[in-house]
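Whatever order the structure lists them in is the order used to number ligands and atoms, beginning at 1. Just so you know, these numbers use all the heavy atoms, side chains as well, and skip hydrogens, waters and symmetry mates.
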Amino acid sequence: MAFLNWEPSLLLGVDDMDGEHKVLIAKMNEIHDRVAAGASKAVLTPLLDGLADVTKKHFAHEEALMRAANYAGFENHAWVHKDLLTKLDKHLQAFRAGTGTIGDDFFAFLRLWLTAHIQGIDKKYAPVLGKRVA
Ligand SMILES: [Fe+2]
Ligand SMILES: [Fe+2]
């Protein structure tokens, strides 16, 4: 069983965003599996950098769609993205400064991201963006 499972409750009906969320979850699962298998810092570093890169692109894409749709929750959502990126960056900085271990706090952060963000505030734009993008 994967660390994070794709489930119907994550589906927004905004095709581009659903596809990108699936990629994010796959990357999170890969990192979790590699850590469980005892992967080295050298192996984990590009995976974590890749997650950060895909996340930044996803947030930018999501914000562009929200802005184009004049979504009323845009400002708040963009702030939450910024906060999430700051937290992700702190985790990555701690990882780079350390010996290559990734603690449970990082995975708790990823799990919260999935449940509170995608199932929480991303879901709120679905009725607005879904009509335009579908
Ligand atoms: Fe998202
Ligand atoms: Fe979002």
Check your understanding: Of all the N, O or S atoms in H21, which one sits nearest to the Fe ion (ligand 1)?
Key -> NE2

Revision key, fill the gap. Per residue D122, nearest N, O or S atom to the Fe ion (ligand 2) is named OD1

Review point. The Fe ion (ligand 2) as vertex, arms to NE2 of H117 and NE2 of H77: angle to 10°?
Key: 100°

Exercise for review: Say whether I102 and L24 are linked into one hydrophobic cluster, either directly or through other cluster members, by side-chain heavy-atom distances under 4.5 angstrom.
Suggested key: yes

Point to revise | Cluster check L85, L92: I/L/V/M/F/W/Y, side chain < 4.5 angstrom | key: yes

Review point. Is the distance from the Fe ion (ligand 2) to the nearest N/O/S atom of H81 under 2.8 Å?
Key: yes

Exercise for review: Check the pair W6 / L11 against side chain to side chain contact (heavy atoms under 4.5 Å, CB included), numbers first and verdict last.
Suggested key: CA-CA 9 Å; W6 176 260; L11 203 67; 3.6 Å; yes

Study note, to complete from the structure: Among N, O or S atoms, E62 approaches the Fe ion (ligand 2) most closely through OE1

Practice item. Kindly check if the number of other-residue, nucleotide or ligand heavy atoms within 6.0 Å of NZ (K124) is above 12? Key: no

Review point. Which residue pairs satisfy the side chain to side chain donor-acceptor pair (under 3.5 Å) criterion with at least one member in residues 106-117, sequence neighbours excluded?
Key: H77-H117, H81-H117, H117-D122

